[in-house]
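Values reported hereafter were calculated over all heavy atoms of this structure, with side chains retained and with hydrogens, waters and symmetry mates removed.
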Amino acid sequence: MPRLSLVIPVYKVQGYLAECLDSVLGQDYTDFEVIAVDDCSPDGSGAILDEYAERDARIHVIHLTENVGLGRARNAGMEKVQGDYVLFLDSDDTLTKGALRAISERLEAADDPEILVFDYARSYWDGRVRPNQLADLLQPDGPEAFPLAERPQLLDLLQIVWNKAYRRDFVLREGFTFPPGYYEDAPWTFCSLISAERIAVLSKVCVMYRQRREGGNILKTVSRKHFDVFDQYERVFGFLDARPELEQWRAPLFRKMVDHFLTILDRPDRLPADARAEFFHRAAADYRARLPQGFTRPGGGRGHKYAMLEKDAYTAMASATAVVKLRNAVRTRTRSALNRSKRSAMGVFYQSQLRLPLDENLALFSAYWSRSVSCNPAAIDAELARLAPHMRRVWAIRPEAVEQVPKGVEYVRVGSKDYWAALARAKYLVNNVNFADSVVKREGQVHLQTHHGTPLKTMGLDQQKYPASTDMDFDKLLERCDRWDFSLSSNRFSTTVWERVYPCSYVSLESGYPRNDILVNATSADVRRARTALGLADGTRAFLYMPTHREYQPGFEPSLDLARLADELGPDVTLMVRGHYFYGSSPHVAELRRSGRIVDVSGHGRVEELYLAADALITDYSSAMFDYAVLDRPIIIYAPDWDIYSAVRGTYFNLLQESPGAVATTQAELIGLLGSDAYRGEEAAARRDAFRRRFCEFDDGRAAERVVRRVFLGETQPLPFVPFAERSHAPAPTQALATVERA
């Protein structure tokens, strides 16, 4: 039997769950088990648990068939624990290094107490860590283990279950379980502490208590569910009533109850406005019913609130609260004045447009900082035209890019009056990056963030760990992301990244990437047309080379000698190069271009057509690999500087170990791969298959339709995905050309 059992209830935490589990499995102490309870989570959390359980036998997963809430999910986990001690860990929190070893050693030193209380710290999205303000209460002082009466100040700690280890036979003997409803920790923690004969403390910070920027804590949700607190203290005092020997704790627990009631009343993010008086009167009734004989109220303002509860003086309490609200209102007016000042800089015209009604049938699109009509927004635009032709679709385009706008596309120049009018009045704003800071999110507007790639390199808040790669203002970044209503995702991997690194209150749409629909639905004729447009002869093999940008290089330093590569591969191979313009400086390359063996496609408007035309993709760290994998064609990773790139920019997985195909780290290796056909052999195909199943799981050719139906048409029943094994994709060039010959 394991020494420690960790119960982890899981619900809607897919962005944080892997970090939580990794913090447990990465402990240097191994005598533990994990009971993870999927509380019928609607996101990918359950699947993540199953993946971890497959890799580590210490994880046992329970999938509940209905959502039962935190307390009852913990109860389900406790029914399965086998360890000497049970610990609870919330699934968005993490253990610190060495936490379990320190806990185990402290338990042994204290001769197996019923309860061990250990320290924690709050961790914030911006990297701040705030220690427990009452950490001094956990310093060793006196005997290794003691009853609560010797250190009653422990009741003043935050009363949560996940900063304690409980001896399992003690829990079973006392029959402790979690009740339903909010504040379920109160009965468990208070009743267990006052019942334990031997308690020990550990001053080491063992848990990092995540303070999620976007919330995630149901206790900070405005709801009548906060009335559950009365039932929880009914259970606490019912426990006391049944245990006369614990009578000494009535007054301290009464104080904790009243403080808890007042905390809920003081917080504006708890009770609906029309329920505050009702809550106060109920709290006053419980106060009078449970007031211990000889109880002395605390002094100061807190004691004044106690007195108002005792007298059920809601009007007096409300008046005091109104004074505080007035002060806050003054601050709010000051901030509003500043905001108005900022808006005035946007121009009087924009302000006037913001006062006009929204145009319910207007959608404004932008892609890559308004430089082109492309990517996911373009695919959504086309599908919107098919499914909702009454919608007016307008693109924001920078003045220098208007000549590249396809015929028939309506656009407005960025910075013009038409642009500001569209921004102010469009019901729908669609972008694959963020709109400018100056854009105001209006009530009723719908912002759809489509993103423009599956992340290999770190993104968003994760870039804080790699300061050499960015000078981003992360506060401003998140203010922009706060405008999102929907965030598009091409796979569960991306969803977990986006939800963690952009912690805002949007809805994740796991739809697949609309821009990849063509890679599924294109025909042989489409493939031939794409090749013809690029001037590719029927007998040539076309490799598409797409290197990515490196932030740590002031200018691009080519790591691949294209002229030599073309010479080595011979005249039947054409290299299509999409990237930076520096390739034109070589006379040899210029000659190769004239011969047709190198085609510069950096300015090509639709990268998806390049994918269709190419027999294989050569890339380093570009997200192109995730899209091209939809085609199930060979992908070659050329990564000569992986160690530097991954160290400076940071990556989410080791590309050399989890690549979508063959890997080369030198040009000689690359030439060898391409010359021997190893790049399209069985081993490369097996790698590609695993990669596709992980990163192309939603790309079944109907992504754009899913998005339009959900966002623009308001349909809540999603289109079912075509099973992965039954999906088709565009034919390879050899297949497309063969159809012509057969015809």
Side-chain angles (χ1 to χ4, degrees), residues 372 374 404 519 526-550 553 555-625 627-628 631 633-641 660-680 684 732-734 736-737:
S372 62
S374 61
Q404 284 74 49
L519 305 183
D526 294 323
V527 174
R528 293 195 301 270
R529 192 177 302 112
R531 288 177 65 88
T532 299
L534 292 165
L536 298 175
D538 288 351
T540 189
R541 272 190 300 164
F543 290 109
L544 174 60
Y545 177 50
M546 291 184 63
T548 195
H549 175 62
R550 289 154 172 79
Q553 292 179 343
F556 187 82
E557 299 174 8
S559 57
L560 184 59
D561 185 339
L562 292 177
R564 179 188 166 198
L565 181 61
D567 287 341
E568 293 281 354
L569 295 179
D572 295 331
V573 172
T574 297
L575 292 175
M576 297 188 295
V577 180
R578 184 175 179 86
H580 301 269
Y581 49 82
F582 37 75
Y583 296 116
S585 60
S586 166
H588 193 178
V589 171
E591 178 61 31
L592 290 170
R593 281 179 176 163
R594 284 191 291 273
S595 70
R597 292 169 58 202
I598 286 184
V599 179
D600 185 358
V601 293
S602 299
H604 197 284
R606 297 197 63 193
V607 69
E608 295 81 18
E609 293 181 359
L610 303 180
Y611 295 156
L612 291 177
D615 292 273
L617 172 70
I618 304 172
T619 188
D620 42 27
Y621 321 119
S622 169
S623 64
M625 70 181 81
D627 301 323
Y628 193 80
L631 291 168
R633 299 181 192 173
I635 301 173
I636 304 96
I637 298 299
Y638 177 57
D641 56 347
V663 176
T665 57
T666 67
Q667 178 151 325
E669 289 179 354
L670 177 63
I671 293 172
L673 280 173
L674 300 180
S676 68
D677 281 352
Y679 74 93
R680 53 184 175 183
T734 52
L737 295 173

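- Taking OH of Tyr611 as the reference point, atom CG of Leu617 lies at 7.0 Å (rounded to 0.5 Å).
- Residue His604 comes nearest to Arg578 through the heavy atom pair O-NH1, 3.0 Å, listed as atom of the first residue, atom of the second, then distance.
- Two residues are said to be in side-chain contact when any heavy atoms from C-beta on lie closer than 4.5 Å; Leu612 and Leu519 meet this criterion.
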Next on the checklist: Could you walk me through whether Ile598 and Val577 satisfy the side-chain contact (heavy atoms from CB on, under 4.5 Å) test, starting with their C-alpha distance in whole Å, then the side-chain angles of each, then the deciding distance to 0.1 Å, before giving a yes or no?
Outcome noted: CA-CA 7 Å; Ile598 286 184; Val577 180; 4.1 Å; yes
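- Between the side chain of Glu669 and the main chain of Val663, no donor-acceptor pair closer than 3.5 Å is present.
- Taking all atoms of both residues into account, the shortest heavy-atom contact from Ala662 to Ala684 is N-CB, 4.0 Å.
- Using a 4.5 Å heavy-atom threshold, the side chains of Pro733 and Arg633 count as touching.
- When side chains are defined from C-beta on, Val573 does not count as touching Leu565, because their heavy atoms never get closer than 4.5 Å.
- Side-chain contact between Val527 and Arg529 is absent, with no heavy-atom pair separated by less than 4.5 Å.
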Checklist entry - Would Arg531 and Asp526 satisfy salt bridge (charged side-chain N to carboxylate O under 4.0 Å, His left out), going step by step from the backbone distance to the final call? => result CA-CA 9 Å; Arg531 288 177 65 88; Asp526 294 323; over 6 Å; no
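- Of the possible polar contacts, none joining the Arg606 side chain to the Ser374 backbone as a donor-acceptor pair under 3.5 Å is found.
- Distance check: Asp615 CG to Thr540 OG1 gives 7.5 Å after rounding to the nearest 0.5 Å.
- For Met625 against Asp620, the heavy-atom pair with the smallest separation is CE-O, 3.5 Å.
- A distance of 10.5 Å separates OH in Tyr628 from CG in Leu610, rounded to the nearest 0.5 Å.
- At a threshold of 4.5 Å between non-hydrogen side-chain atoms, the residues Thr574 and Val599 count as touching.
- Side-chain contact check for Tyr621 and Asp641: at least one donor-acceptor pair (N or O, by modelled atom type) lies under 3.5 Å.
- The minimum heavy-atom distance between Met576 and Ala614, with the atom names listed, is CE-CB, 3.7 Å.
- The shortest heavy-atom contact between Leu670 and Leu560 is CD2-CD1, 3.7 Å.
- The line from CZ of Arg680 to CD1 of Ile635 is 15.0 Å long, rounded to the nearest 0.5 Å.
- From Phe543, atom CZ reaches atom CD1 of Ile636 across 5.5 Å, with rounding to the nearest 0.5 Å.
- By the 4.5 Å heavy-atom criterion applied to side chains, Tyr545 and Ile618 are counted as neighbours.
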Item to check | Intermediate values then yes/no, side-chain contact (heavy atoms from CB on, under 4.5 Å), Leu544 and Val601 | outcome: CA-CA 9 Å; Leu544 174 60; Val601 293; 4.1 Å; yes
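- Within the model, atoms CZ of Arg541 and CG of Leu536 stand 13.5 Å from one another, a figure rounded to the nearest 0.5 Å.
- Here the side chain of Thr619 pairs a donor or acceptor atom with the backbone of Met546 at under 3.5 angstrom.
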